[in-house]
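Notes follow the structure.
Chain letters run A, B, ... following the sequence lines, proteins first, then strands; residues in each count from 1. Keep in mind that the numbers below use all heavy atoms, side chains included, and drop hydrogens, waters and symmetry copies. All values reported here derive from a predicted model rather than from experimental measurement.
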Protein chains: 2
Amino acid sequence: MLENLKPVSRVSVSDEIVDQMAGLISAGALKPGDRVPSEKQLCVQFGVGRTSVREALRSLSVMGILKTQRGEGTFVSAERSRYVEKAMQWDVLLDGKAAGHLIETRLMLECETASFAAERASEEDLAAIAAAIADVQNAFSGPALVEPGRYLEADLRFHLAIARATRNPILVSLLGTIRGSMQAWIAKTVPARAAKSIKDHRKILAGLRARNREKARAAMSAHIRSSSSDLRRRLKQT
Amino acid sequence: MLENLKPVSRVSVSDEIVDQMAGLISAGALKPGDRVPSEKQLCVQFGVGRTSVREALRSLSVMGILKTQRGEGTFVSAERSRYVEKAMQWDVLLDGKAAGHLIETRLMLECETASFAAERASEEDLAAIAAAIADVQNAFSGPALVEPGRYLEADLRFHLAIARATRNPILVSLLGTIRGSMQAWIAKTVPARAAKSIKDHRKILAGLRARNREKARAAMSAHIRSSSSDLRRRLKQT
DNA sequence: GGCTGTCAGCTTGTCTGACAAGCTAGTCTA
DNA sequence: TAGACTAGCTTGTCAGACAAGCTGACAGCC
């Protein structure tokens, strides 16, 4: 019996088109913002049916390389590197209901994010973070939380502003996704811990302002840990 | 002039199918290895044409969530597809920044992963990690690297085994995605640093065996930092 | 002039029916 | 019993049709 015979490579038509077009783009023949020939034209040039062309374009779109606009055309995407972000978002989303895993991943990412942010945050970043804290405060009327929706929105904005301060879009989208898939649970624990959160947030901001990575990380860690334990308790109840 | 008017959301049929199927998978109704209903059946269930179903399946395939086999059917895939790597290669070629963001995210995730693994790794996990290190060693003949392919595979296995030891599937898939997107690129720096890597790996394993979170984290941090600086240098050259 | 409605001609999105190519399992045959 | 064969499923590709949407030009109105 013959060994090491590799399976014959049967590349599908649409995969071949994907390769060719990707080659054109990476070779610079098609630059970001450029318009790709219409599907009909591509059919003629490649000598294939429209189905195959469409599947190829679809693949490149999913990868974030192309972007199609109905009635207008297909274009080479300007901001790329969206693909890895998307792929990682799916990683998180597909794991689904595993609350514990989400909480753990969040803890690890938020702490490191805060640490990086302490190093890199611009004055604008710090201002945006401070504004989010102020908005959280505004959801209160004295000690009572009167606008839970506003609180939630501002709290989310606070965390994302910190992520943005790292200047790393991967971190921003990752944290956004994780937070998004937890949002519903967080909403349930709001009344119980809203007041405490504000104090935590101020401590984190102080760490960032001091450009002190350790302080920022520790403050964020304490915040997430306390918030997570509330979440876990809540989850057990239900 | 009215501001803050958001564009109307016009979700396409196939995108909606993508969402629904991803939902099924994340809810656990479809597990890795399961077979998805045939295209014809899906047409009936969703009440749409085959074109739309096929585009949706294609999207999920590109994302590495499904895998289709002609004449046989479509299955929920166990591992990620190679598309991620391809897409990322282009990104890195055209945009050095993307690489920096990836390296940074990887550093953050790997260090924390090692730390968690030190706490939770079972004996089987440790054995798997040790086996991966041994395999890395086996790619050498004395001081010379004779099987770079084997080296790469074993190195990847080493890192994923540590991720698995955390018992957190989100971390496993996140690291898998990041590493996958860097794989082609890491391959280029292998000859230069293969020997050093083995020493690093042993130190990390020692930290895990000692159940010492700080030691494991520090060892991983040193490893990734040194490896990353090689990568960056390589990037600048091209 | 400047605004508005209309329409032709392009684009992408979807449906349908058809056939090719390939896998599986059961049946038939030597 | 071993191997060949075929029926019935699957995915891959093609072609043609229509719907939905954008653009630009052109006419008509104030």
Side-chain angles (χ1 to χ4, degrees), chain A residues 1 5-21 24-25 30 32-78, chain B residues 1-2 5-21 24-25 30 32-78 81-83:
Chain A
M1 182 58 179
L5 290 180
K6 292 180 185 173
V8 187
S9 74
R10 270 183 311 257
V11 183
S12 70
V13 174
S14 47
D15 281 341
E16 166 129 11
I17 297 178
V18 168
D19 281 343
Q20 283 204 42
M21 297 210 57
L24 280 182
I25 294 170
L30 285 171
D34 282 0
R35 197 182 141 183
V36 171
S38 75
E39 295 176 358
K40 201 177 267 182
Q41 283 176 287
L42 289 175
C43 290
V44 178
Q45 290 193 29
F46 285 116
V48 298
R50 201 174 150 213
T51 313
S52 305
V53 169
R54 276 189 65 79
E55 294 215 349
L57 294 181
R58 175 87 186 192
S59 298
L60 291 164
S61 295
V62 171
M63 290 190 249
I65 293 171
L66 296 181
K67 189 168 283 185
T68 68
Q69 270 170 325
R70 182 174 188 167
E72 202 169 348
T74 305
F75 303 83
V76 179
S77 178
Chain B
M1 181 58 179
L2 282 174
L5 290 181
K6 292 179 186 173
V8 188
S9 75
R10 269 184 315 253
V11 182
S12 70
V13 174
S14 47
D15 282 341
E16 167 132 11
I17 297 178
V18 167
D19 281 345
Q20 281 204 42
M21 297 212 57
L24 280 182
I25 294 171
L30 286 171
D34 281 1
R35 200 184 135 182
V36 171
S38 76
E39 296 175 358
K40 200 178 268 182
Q41 283 176 286
L42 289 175
C43 291
V44 177
Q45 291 193 28
F46 286 117
V48 299
R50 200 173 151 215
T51 312
S52 305
V53 169
R54 276 188 66 79
E55 294 216 350
L57 294 181
R58 176 84 184 188
S59 297
L60 292 164
S61 296
V62 171
M63 292 191 257
I65 294 169
L66 297 182
K67 189 168 283 186
T68 67
Q69 270 169 326
R70 183 174 188 169
E72 203 169 348
T74 304
F75 304 82
V76 180
S77 85
S81 82
R82 300 270 163 242
Y83 271 107

Notebook entry, point to check: Given that A:Gly71 and B:Thr68 both sit by DNA chain D, which one's nearest nucleotide is further toward the 5' end?
Noted result: B:Thr68

Mind listing the closest non-hydrogen atom pair of [X] and [Y] along with its distance?
X       : Y       : result
A:Arg35 : A:Gly73 : NE-CA, 4.2 Å
A:Pro37 : A:Leu42 : O-CD1, 3.6 Å
A:Ser14 : A:Ser52 : CB-O, 3.6 Å

Margin query: Looking at B:Thr74, I'd like to know whether one of its side-chain N or O atoms comes within less than 4.0 Å of OP1 or OP2 on D:dT11.
Written below: yes

Notebook entry, point to check: Is the distance from OP1 or OP2 of D:dG12 to the nearest side-chain N or O of B:Arg54 less than 4.0 Å?
Noted result: yes

Next item on the list: When you get a sec, tell me which of C:dG13, D:dT23, C:dG22 is the closest nucleotide to the side chain of A:Glu72?
Entry: D:dT23

Rounded off to whole Å, could you give me the [atom1]-to-[atom2] distance for the [X] and [N] pair?
X       : N      : atom1 : atom2 : answer
A:Leu66 : C:dT12 : CG    : C1'   : 14 Å
B:Lys67 : D:dT11 : NZ    : C1'   : 16 Å
A:Arg70 : D:dC22 : CZ    : P     : 9 Å
A:Phe75 : D:dC22 : CZ    : P     : 12 Å

Notebook entry, point to check: With a 4.0 Å cut-off on heavy atoms, is A:Glu55 in touch with a base, just the backbone sugar-phosphate, or nothing at all?
Noted result: nothing

Notebook entry, point to check: With sugar-phosphate meaning primed atoms plus P, OP1 and OP2, does B:Ser52 contact a base, only sugar-phosphate, or nothing at under 4.0 Å between heavy atoms?
Noted result: sugar-phosphate

Next item on the list: Kindly compute the distance separating CD (B:Glu55) from CZ (A:Arg58), expressed to the nearest 0.5 Å.
Entry: 5.0 Å

Check: Is a donor-acceptor pair below 3.5 Å formed from side chain A:Arg50 to base C:dG13, judging by atom type as modelled?
Finding: yes

Check: Got a sec? Which of residues 34-46 of chain B come in under 4.0 Å of DNA chain D, heavy atoms?
Finding: B:Arg35, B:Ser38, B:Glu39

Margin query: Looking only at the side chains, is there a donor atom on one of B:Thr51 and A:Arg54 sitting less than 3.5 Å from an acceptor on the other?
Written below: no

Next item on the list: Please tell me if the side chains of A:Ile25 and A:Leu66 come closer than 4.5 Å, counting only heavy atoms from C-beta onward.
Entry: yes

Notebook entry, point to check: Sub-3.5 Å donor-acceptor pair from the side chain of A:Ser77 to the main-chain atoms of A:Lys67, do we have one?
Noted result: no

